[in-house]
Amino acid sequence: MADYNPQEIEAKWQKRWAEARVFETEADPSKPKYYTLEMLPYPSGTMHMGHMRNYAIGDVVARVKRMRGFNVLHPMGWDAFGLPAENAAIKNNTHPRVWTNNNIAEFQRTLRRFGFSYDWRREISTCEPEYYRWNQWFFLRMLEKGLAYRKKSRVNWCPKCCTVLANEQVVNGGHCWRHEDTLVEARDLEQWFLKTTAYADQLVDDLKELEGTWPERVITMQRNWIGRSQGARVKFAVADLRAVPSIEIFTTRIDTIYGATAIILAPTHPLVAKLLEGAPARAESETYLAQMKQSSVKTEDLATAEKVGFFTGRHATNPFNKEKIPIWVGNFVLMEYGTGAIMAVPAHDQRDFEFCRKYGLPVRVVIQPTMGEPLVEDNMTAAFDQHEHGKLVNSGPFDGLAPDEAIVKMTAHAEKKGFGKGEVVYRLRDWGISRQRYWGTPIPVIYCPEHGLQPVPDKDLPVLLPANPIFLVGEQAAAPVDVQTGMAASPLATPEFVNTTCPKCGGPARRETDTMDTFVDSSWYFYRYCDPHNSKAPFDPATVAYWFPIDQYIGGITHAILHLLYSRFWCKVMRDLGLVKHNEPIARLFTQGMVQKGGVAMSKSKGNVVGAIDMAEKYGVDTGRLYTLFAAPPEKDLEWSEESIEGSWRFLNRVFRLVDKHATAIRGAKNWNFDAKNMSDKERDLVRVTYQTMTRVTQDFEKRWHFNSAIAQIMELTNEIYLAEPLENGVRPEIRKEVLQILTLLLAPMTPHIAEEMWEMLGNDDGLWNAPWPVLADQQLELAKDDQVEIPVQVNGKVRTTLKVPAGVTEAEVVAKAKADPAVARHIEGKRIIKVIYVPNKLLNLVVK
RNA sequence: GCGGGAGUGGCGGAACUGGCAGACGCGCAAGACUUAGGAUCUUGUGGCCGAAAGGCCGUGCAGGUUCAAUUCCUGUCUCCCGCACCA
């Protein structure tokens with residue numbers, strides 16, 4: 001008799017696995033492959049059960065696939081570059097590398113303690129030159145193809161991070177994604193960009209390949225983010241100013257152009273200044289303009305901000321009807337989208353409606369609804385903006401057309417006359433990757449006074465980070481300031497780093513001091529896992545061709561846009577470089593729910609974490625893994641309960657005791673040969689419920705990912721076995737062994753340590769890791785069948801009794817038996833049976849009147 | 001505003017393709033074993049009426065389809081998440 005001692009068991013089996021190199025894999029085209037991974041963590045602080053849930057789910061998948069005969073690649077690594085390392089280093093007066101590597105050591109210790117089945121030989125850390133040199137290599141390839149470029153642009157600047165943010169990193173109407181209380185400022189800087197827009201169409205179109213295997217909401221979020229819309233550019237001639245011949249607007253609703261009553265420009269539109277030159281109320285207008293420009297960035301919630309604008313004093317001519325309409329400037333028009341100018345059609349666009357009503361601009365209906373009351377301009381309280389149910393009016397030769405038809409004809413008309421053309425626009429912007437921070441990949445570019453921008457030659461890669469950066473000291477950015485820009489100088493701007501020679505002429509030159517956004521690191525890391533130690537190339541294409549695409553990727557919904565969009569982009573670039581053959585890197589995506597405590601996600605800053613190591617010490621890791629899988633379905637948020645976890649702990653003890661009790665007696669028993677003859681009823685029942693559980697658990701694992709109900713099934717099986725105790729009365733040792741072995745195998749993917757221990761206790765010396773997932777042979781399938789079924793009997797849809805009948809019973813027999821049952825008889829007495837519904841082996845419903 | 005998702009006992013959740021609502025676990029209650037139990041085992045546990053047998057109600061709300069609805073349809077409310085003046 002032994003007690004369940006998780007600490008001892010867990011250490012024992014982890015050692016055995018390591019010795020037997022159980023989780024080490026090589027590409028082997030003779031075997032079916034399965035590549036599964038969890039998103040790589042950013043090593044910061046200590047790991048809590050929120051992290052562990054993610055890895056527990058991934059480990060179940062990896063272990064089940066391994067048991068089912070797949071060659072499984074299941075790696076782990078570290079997203080090691082990033083701002084927190086730098087900030088912590090400044091605060092603690094240490095080096096980011098030291099801080100990062102300490103965290104990595106801690107994370108690794110925790111993951112190893114949990115016994116996850118990683119091939120640790122493939123571990124990567126993105127802050128190592130062996131890794132980031134390939135970021136630089138890819139950057140140079142993109143530079144060659146014109147996919148990386150530098151331009152002066154208005155950028156999002158976070159005053160706390162002291163760096164530029166990508167559009168994707170600006171959240172909540174203009175706040176920094178890392179500092180949600182900090183408003184992002186606009187600054188003009190020379191920046192490096194990757195041309196994600198070059199792949200905008202593919203990024204949208206290929207989402208179709210992911211339908212059904214990616215969560216719908218992720219697909220939708222990406223589609224919205226890219227924001228492709230078909231529309232038209234139309235040129236409006238400026239009527240009263242020679243300096244500005246025309247203004248181009250963008251619209252998706254050219255069919256409403258006869259209803260345009262104004263042109264509205266974004267405050268930052270380059271033509272605004274020219275329009276105002278010599279205009280009657282110029283001084284006043286410029287005051288308005290200055291106000292708008294200032295508030296446009298600082299406004300808390302742009303969407304609900306009051307619409308304001310002013311008349312420029314100029315007019316434009318509508319090319320369709322030659323009407324002269326006023327040119328305005330409005331704060332709600334975005335310079336970044338379309339052409340930065342719109343036509344205002346107040347009758348059919350809610351925003352235009354609000355603006356025009358406020359400033360007394362006329363409203364003209366050009367689409368009348370096909371059903372209901374016709375619109376009357378003076379009575380309208382909102383724009384009529386649904387174009388499915390309308391037809392054109394007041395639109396000259398286009399009257400009577402349906403809007404969709406009108407869009408086609410009017411676009412063609414504009415193209416023919418040369419004042420417009422159809423155009424597709426995107427919300428997606430190119431990816432700004434420049435960061436003025438230290439702890440990232442240096443951008444491998446040199447500036448020569450003679451030869452300008454020069455890429456660092458491949459042979460000189462990696463461009464190493466300088467060992468000693470210029471660091472900001474203190475709370476705020478007391479950074480060295482660049483005299484020219486007035487901005488914080490890059491931490492890389494040390495003489496040893498910056499001063500170099502031109503690759504072309506050998507003369508003195510300066511290095512680029514920006515580093516890359518860390519999302520570059522995570523955009524392709526999963527390729528590196530396939531071939532992590534390659535020093536000649538980012539990876540061997542043949543090896544990647546074997547493993548890719550990723551069969552199952554698991555991570556948080558927080559990465560639905562950024563990481564996953566960049567990864568898809570990177571894949572397409574690599575494909576066009578001839579490195580890979582597939583269009584999409586990730587075949588299946590699963591987004592797991594958060595672990596919460598007190599209704600909020602577990603996090604260090606909220607102070608509600610349950611430490612992973614604490615958990616391991618108190619209950620052992622198998623209990624922790626089991627609980628996170630059992631307490632909620634994997635896609636849902638899980639509320640941590642210190643009380644509930646006791647249930648998982650008790651269950652493992654219960655199973656362990658059961659195996660321990662019988663181990664001695666059955667250890668030597670040979671495996672049962674499924675001979676159904678001479679079985680006692682007790683044996684039959686036990687075997688049946690075991691095989692039925694096996695089938696259901698397999699389905700829950702493979703088809704539905706219902707780990708929680710899989711565990712519930714296993715608990716039920718355990719309860720059944722307990723109810724059959726004492727087993728030694730009437731259950732032969734080989735059948736006891738069969739039942740307990742299957743119970744053990746079913747638990748193995750979730751609680752691998754205790755399962756290995758029990759497997760050994762049951763007399764198996766070769767390690768459960770060698771055992772295949774149990775699959776029912778024909779004789780076993782036969783034994784899994786019910787010979788009796790319970791049929792609920794309804795009268796008028798209400799259950800009155802349940803009949804126990806032999807399986808395969810005929811309808812007539814069931815009906816006869818039902819009628820004879822007093823509980824049923826009472827309800828049909830004196831009534832006529834008008835209908836009998838019988839679902840074989842399932843249910844009987846008697847409809848009476 | 002647009003898009004996505006969710007509403008089931010005291011709690012976490014289950015119910016596969018329309019077929020016994022509440023599996024499994026937590027909590028709670030009773031019993032057994034015990035010097036003892038915060039260990040273990042067994043039993044009970046949606047609400048209302050009833051001594052019981054049994055009956056009625058019940059999956060956010062209101063309707064509908066069906067022999068039969070947590071599941072399908074229509075309307076509606078609430079909550080969560082994402083995007084948000086994208087023309």
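Computation of the quantities below employed the complete heavy-atom set of this structure, encompassing side-chain atoms and omitting hydrogens, waters and symmetry-equivalent molecules. So that the names make sense, note that chain A is the first sequence line, chain B the second, and so on, each numbered from 1.
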Next on the checklist: Within the 4.0 Å heavy-atom criterion, would you say A:Ser641 contacts the bases, only the backbone, or no part of the nucleic acid?
Outcome noted: nothing
Next on the checklist: Donor-acceptor pair, distance only, cut-off 3.5 Å: does the side chain of A:Tyr627 make one with the backbone of A:Ser641?
Outcome noted: yes
Checklist outcome for this item: Quick note, A:Lys307 side chain, CB onward, closest among B:A23, B:C85, B:G55 is B:C85
Next on the checklist: Heavy atoms only, 4.0 Å cut-off, all strands: where does A:Val333 land among base, sugar-phosphate and nothing?
Outcome noted: base
Next on the checklist: Strictly by Watson-Crick or wobble contacts shorter than 3.5 Å, is anything paired with B:A14, and which nucleotide is it?
Outcome noted: none
Next on the checklist: Quick check for you: among B:G4, B:C20, B:G55, whose closest atom lies nearest to any side-chain atom of A:Arg800?
Outcome noted: B:G55
Checklist entry - C1' atom, B:C2 versus B:G13: distance in rounded Å? => result 32 Å
Checklist entry - Which nucleotide sits closest to the side chain of A:Glu643: B:A87, B:G27, B:G82? => result B:G27
Checklist entry - Within the structure, does a side-chain N or O atom of A:Lys804 lie under 4.0 Å from either OP1 or OP2 of B:C20? => result no
Checklist outcome for this item: Applied to residues 210-221 of chain A, the salt bridge (charged side-chain N to carboxylate O under 4.0 Å, His left out) test, sequence neighbours excluded, yields A:Glu211-A:Arg223
Next on the checklist: Checking A:Lys842 now: which residues fulfil side chain to side chain contact (heavy atoms under 4.5 Å, CB included) with it, not counting sequence neighbours?
Outcome noted: A:Val839
Next on the checklist: Partner lookup for B:U66, please. Criteria are Watson-Crick or G-U wobble with both distances under 3.5 angstrom; report none if nothing qualifies.
Outcome noted: none
Next on the checklist: Judged by each residue's nearest nucleotide on RNA chain B, which is more toward the 5′ side, A:Gly797 or A:Ala341?
Outcome noted: A:Gly797
Item to check | A:Tyr337 OH - B:A87 P separation (whole Å) | outcome: 4 Å
Checklist outcome for this item: In Watson-Crick or G-U wobble terms, with both distances under 3.5 Å, the base opposite B:G9 is none
Checklist entry - How would you list, by chain and number, every residue that makes a salt bridge (charged side-chain N to carboxylate O under 4.0 Å, His left out) with A:Arg364, sequence neighbours excluded? => result A:Glu323
Next on the checklist: Walk me through whether A:Arg253 and A:Asp349 qualify under salt bridge (Lys or Arg N to Asp or Glu O under 4.0 Å).
Outcome noted: CA-CA 10 Å; A:Arg253 294 296 308 276; A:Asp349 182 285; over 6 Å; no
Next on the checklist: Tell me every residue that passes side-chain hydrogen bond (donor to acceptor under 3.5 Å, both in side chains) with A:Trp640, counting only those two or more places apart in sequence or in another chain.
Outcome noted: A:Glu642
Checklist entry - Would you call A:Glu423 and A:Arg233 a salt bridge, taking side-chain N to carboxylate O under 4.0 Å as the test? => result yes
Checklist entry - Do A:Asn845 and B:C67 have a side chain to base donor-acceptor pair shorter than 3.5 Å? => result yes
Item to check | C1' spacing across the pair B:C11 / B:U74, given as an integer number of angstrom | outcome: 34 Å
Item to check | C1'-based separation of B:A21 from B:A68 [nearest Å] | outcome: 13 Å
Item to check | Pairing nucleotide - B:C61, Watson-Crick or G-U, each distance under 3.5 Å | outcome: B:G75
Collect all protein-nucleotide pairs involving nucleotides 10-15 of chain B in which both atoms are nitrogen or oxygen and the distance is under 3.5 Å.
{"residue": "B:G12", "atom": "O2'", "partner": "A:Ala631", "partner atom": "O", "Å": "2.5"}
{"residue": "B:G13", "atom": "O3'", "partner": "A:Asn708", "partner atom": "ND2", "Å": "3.3"}
{"residue": "B:A14", "atom": "OP1", "partner": "A:Asn708", "partner atom": "ND2", "Å": "3.0"}
{"residue": "B:A15", "atom": "OP1", "partner": "A:Arg704", "partner atom": "NH2", "Å": "3.2"}
{"residue": "B:A15", "atom": "OP1", "partner": "A:His706", "partner atom": "ND1", "Å": "3.3"}

Checklist entry - For the side chain of A:Arg357 and the backbone of A:Pro346, is there at least one donor-acceptor N/O pair under 3.5 Å apart? => result no
Checklist entry - Could you state the CD-C1' distance from A:Glu646 to B:C24, rounded to the nearest angstrom? => result 17 Å
Item to check | Strand partner of B:G82, provided both Watson-Crick or wobble distances fall under 3.5 Å | outcome: B:C2
Checklist entry - Which nucleotide in the set B:C83, B:C20, B:C67 lies at the smallest distance from any side-chain heavy atom of A:Val847? => result B:C67
Item to check | B:G19 to B:U71 separation - P atoms, rounded to the nearest Å | outcome: 11 Å
Checklist entry - What is the base-pairing partner of B:G31, counting Watson-Crick and G-U wobble geometry with both distances under 3.5 Å? => result B:C41
Item to check | Opposite nucleotide pairing with B:C56, Watson-Crick or G-U, both atom distances under 3.5 Å | outcome: B:G47
Next on the checklist: Just N and O in the side chain of A:Ser648: are any of them under 4.0 Å from OP1 or OP2 of B:G25?
Outcome noted: no
Checklist entry - Using the P atom in both, what is the distance from B:U59 to B:C20, to the nearest Å? => result 16 Å
Checklist outcome for this item: A:Lys798 meets the side chain to side chain contact (heavy atoms under 4.5 Å, CB included) criterion, sequence neighbours left out, with A:Arg800
Item to check | salt bridge (charged side-chain N to carboxylate O under 4.0 Å, His left out) against A:Asp821, all qualifying residues, sequence neighbours excluded | outcome: none
Next on the checklist: Can you check the distance between B:U35 and B:A30, where both ends of the measurement are the C1' atom (answer in whole Å)?
Outcome noted: 23 Å
Checklist entry - How is A:His348 classified with respect to the nucleic acid when contacts are heavy atoms under 4.0 Å: base, sugar-phosphate, or nothing? => result nothing
Checklist entry - Given the C1' atoms of B:C56 and B:G50, what is the spacing between them in whole Å? => result 12 Å
Checklist outcome for this item: Assert: residue with more 5' nearest nucleotide on RNA chain B, out of A:Val799 and A:Ile645, is A:Val799
Item to check | Options B:A87, B:C20, B:C24, nucleotide nearest the side-chain atoms of A:Glu716 | outcome: B:C24
Exercise answer: donor-acceptor pairs, residues 596-603 of chain A side-chain atoms, under 3.5 Å, sequence neighbours excluded:
{"residue": "A:Gln596", "atom": "NE2", "partner": "A:Asp637", "partner atom": "OD2", "Å": "3.3"}
{"residue": "A:Ser603", "atom": "OG", "partner": "A:Ser605", "partner atom": "OG", "Å": "3.2"}
{"residue": "A:Ser603", "atom": "OG", "partner": "A:Lys606", "partner atom": "N", "Å": "3.2"}

Checklist outcome for this item: Between A:Phe332 and the options A:Phe353, A:Phe355, A:Tyr337, the ring-ring contact (aromatic ring centres under 6.0 Å, His included) test singles out A:Phe355
Next on the checklist: Please give the distance between the C1' atoms of B:G82 and B:G25 as a whole number of Å.
Outcome noted: 33 Å
Provide a list of protein-nucleic acid N or O atom pairs under 3.5 angstrom, restricted to nucleotides 40-43 of chain B.
{"residue": "B:U40", "atom": "O3'", "partner": "A:Arg657", "partner atom": "NH2", "Å": "2.9"}
{"residue": "B:C41", "atom": "OP1", "partner": "A:Arg654", "partner atom": "NH1", "Å": "2.7"}
{"residue": "B:C41", "atom": "OP1", "partner": "A:Arg657", "partner atom": "NH2", "Å": "3.1"}

